[in-house]
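Numbering starts at 1 and runs along the sequence shown.
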Amino acid sequence: MSPGNFTRVTEFILTGVSDRPDLQIPLFCIFLVIYGLTVAGNLSIITLTSVDPRLQTPMYFFLRHLAIINLGDSTVIAPKMLIHFLVQKKTTSYYECATQLGVFLVFIVAEVFMLAVMAYDRYVAVCNPLLYTAVMSRRACLLLVSLTYLYSVSTAIVASSSVFSVYYCSSNVVNHFFCDIVPLLALSCSDTYFPETFVFISAATNLVCSMIIVLVSYFNIVLSILRIRSSEGRKKAFSTCASHMTAVTVFYGTMIFMYVQPQTNHSLDTDKMASVFYTLVIPMLNPMIYSLRNKDVKAALMRFLTSLCQLYKIAYHQIMFSSYLHDTTFK
């Protein structure tokens, strides 16, 4: 039937994480804590890697941008989701939904390739330490980050445009807690072959290319670690590598589960639960996995807190001294 015979959708209704009324407040509290930890952790990394002179290295430069991406990814989703826990009508306008999807895709694609860039950075540092300064120069780091953001923006524009180029009519209930590609296309009343094909090819290409970079980098890192004669040194290096690989495995695993499969194989409820991990849980865990277990970051945090305490003391004494002068003058 022609799409012109239908009334076009002007807003969508999101079902949320759960439609059970008795779970709305407990879920609100849980996700508020998760989002609060995400904001605190990632803002801490952004601040420390920006102000501490000892953290001005390529590794922490990339960590800063990963934190920016994680913070953006979570912020696109969490505030709206938290509001929906407290209201009965969980609606979002057509254009608001399109904007949320587009911005979300920018951050999620950027994260895929930022993880690959970080793996390459570690490969150069471990396997070619003498060339590290030359290969990972400031110009090279800026170029890698710029290309990551440029590619993610262009991919997001094409993908979100293709998803919203199809017609949405009759049903407007999205079985999800945010505007994602799969549950949106499930509502379309027109042919979805092009957006489905583009999303599948784009997601598969992005994941395969970035995973090859990560796997090759870590394979060579492991080979280099095995050449270390000290058992204590090998143990420490493997421990650090395992932490990184855990985060990478969880992220890539959920992304593959979500996107690199035909739409007919999707269970929207299962996908919804998987989405919680890569949109909310992983951005909360990344600061701990990548940085807060790092001695350099811990030391930088202590220096930063010490500086804040000193500034507070100076400001307090200045206020007290000004108050004393004011009282003395009027007496």
Side-chain angles (χ1 to χ4, degrees), residues 29-79 81-82 103-104 106-122 125 141 144-145 148-149 152 178 210 214 217-218 221 236-255 274-308:
C29 296
I30 291 170
F31 286 108
L32 181 62
V33 170
I34 290 174
Y35 182 58
L37 291 173
T38 300
V39 172
N42 286 290
L43 280 180
S44 297
I45 292 173
I46 294 167
T47 302
L48 291 175
T49 55
S50 299
V51 303
D52 195 290
R54 300 184 189 182
L55 299 183
Q56 304 307 307
T57 63
M59 181 177 74
Y60 294 110
F61 175 76
F62 295 131
L63 277 174
R64 184 192 315 157
H65 283 278
L66 180 66
I68 292 170
I69 290 167
N70 285 156
L71 182 61
D73 188 13
S74 186
T75 301
V76 170
I77 307 299
M81 184 181 72
L82 290 172
V103 178
F104 164 72
V106 169
F107 287 120
I108 207 69
V109 174
E111 185 169 2
V112 168
F113 285 98
M114 191 58 65
L115 289 171
V117 169
M118 291 171 67
Y120 175 71
D121 170 70
R122 292 298 82 206
C141 292
L144 287 171
V145 169
T148 297
Y149 287 130
S152 63
F178 74 100
S210 59
V214 170
S217 298
Y218 276 109
I221 287 171
K236 184 178 179 181
F238 271 122
S239 176
T240 304
C241 189
S243 297
H244 287 227
M245 285 305 297
T246 299
V248 169
T249 301
V250 171
F251 178 80
Y252 283 116
T254 52
M255 291 298 292
S275 298
V276 170
F277 281 95
Y278 74 81
T279 59
L280 299 170
V281 177
I282 291 176
M284 178 191 69
L285 294 177
N286 274 345
M288 292 177 274
I289 294 173
Y290 283 99
S291 297
L292 298 183
R293 293 179 61 185
N294 185 296
K295 290 182 180 180
D296 292 336
V297 174
K298 285 183 178 180
L301 180 60
M302 292 304 298
R303 289 193 295 270
F304 182 72
L305 293 176
T306 302
S307 299
L308 285 181

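- Looking at residues two or more places apart in sequence or on another chain, you find a side-chain contact (heavy atoms from CB on, under 4.5 Å) between V103 and V76, T99, F107.
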Step-by-step side chain to side chain contact (heavy atoms under 4.5 Å, CB included) determination, D73 to I108: CA-CA 7 Å; D73 188 13; I108 207 69; 3.5 Å; yes
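- By the side-chain hydrogen bond (donor to acceptor under 3.5 Å, both in side chains) test, S210 pairs with Y252, sequence neighbours left out.
- Between P287 and N42, the closest heavy-atom pair is CG-OD1, 3.5 Å.
- F31 pairs by the ring-ring contact (aromatic ring centres under 6.0 Å, His included) definition with F85, not counting sequence neighbours.
- Partners of N70 according to the side-chain hydrogen bond (donor to acceptor under 3.5 Å, both in side chains) rule, which considers only residues two or more places apart in sequence or in another chain, are E111, N286.
- From L82, atom CG reaches atom CD1 of I30 across 11.5 Å, with rounding to the nearest 0.5 Å.
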For the pair I221 and Y218, evaluate side chain to side chain contact (heavy atoms under 4.5 Å, CB included) and give the outcome as yes or no after the intermediate values. CA-CA 5 Å; I221 287 171; Y218 276 109; 4.0 Å; yes
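- Across all their heavy atoms, V214 and A116 have their closest contact at CG2-CA, 3.8 Å.
- For the ring-ring contact (aromatic ring centres under 6.0 Å, His included) test, residues two or more places apart in sequence or in another chain that qualify with Y149 are H65.
- Under the side-chain contact (heavy atoms from CB on, under 4.5 Å) criterion, T75 pairs with Y35, L71, P79, sequence neighbours left out.
- In this structure, S74 OG and F104 CZ are separated by 11.0 Å, a value rounded to the nearest 0.5 Å.
- By the ring-ring contact (aromatic ring centres under 6.0 Å, His included) test, F277 is found to be paired with no residue, residues two or more places apart in sequence or in another chain being considered.
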List the steps, then state whether side chain to side chain contact (heavy atoms under 4.5 Å, CB included) holds for Y60 with L48. CA-CA 9 Å; Y60 294 110; L48 291 175; over 6 Å; no
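- The CZ atom of F62 sits 5.0 Å away from atom CG of L144, with the distance rounded to the nearest 0.5 Å.
- Annotation: side-chain hydrogen bond (donor to acceptor under 3.5 Å, both in side chains) contacts of T49 (sequence neighbours excluded): R64.
- By the side-chain contact (heavy atoms from CB on, under 4.5 Å) test, T148 pairs with A110, F113, M114, V117, sequence neighbours left out.
- L43 contributes atom CG, which lies 10.5 Å from atom OG1 of T38 (distance to the nearest 0.5 angstrom).
- Expressed to the nearest 0.5 Å, how far OG of S275 lies from CD1 of I77 amounts to 8.5 Å.
- For the atom pair OG1 (T47) and CG (L55), the distance works out to 11.5 Å, reported to the nearest 0.5 Å.
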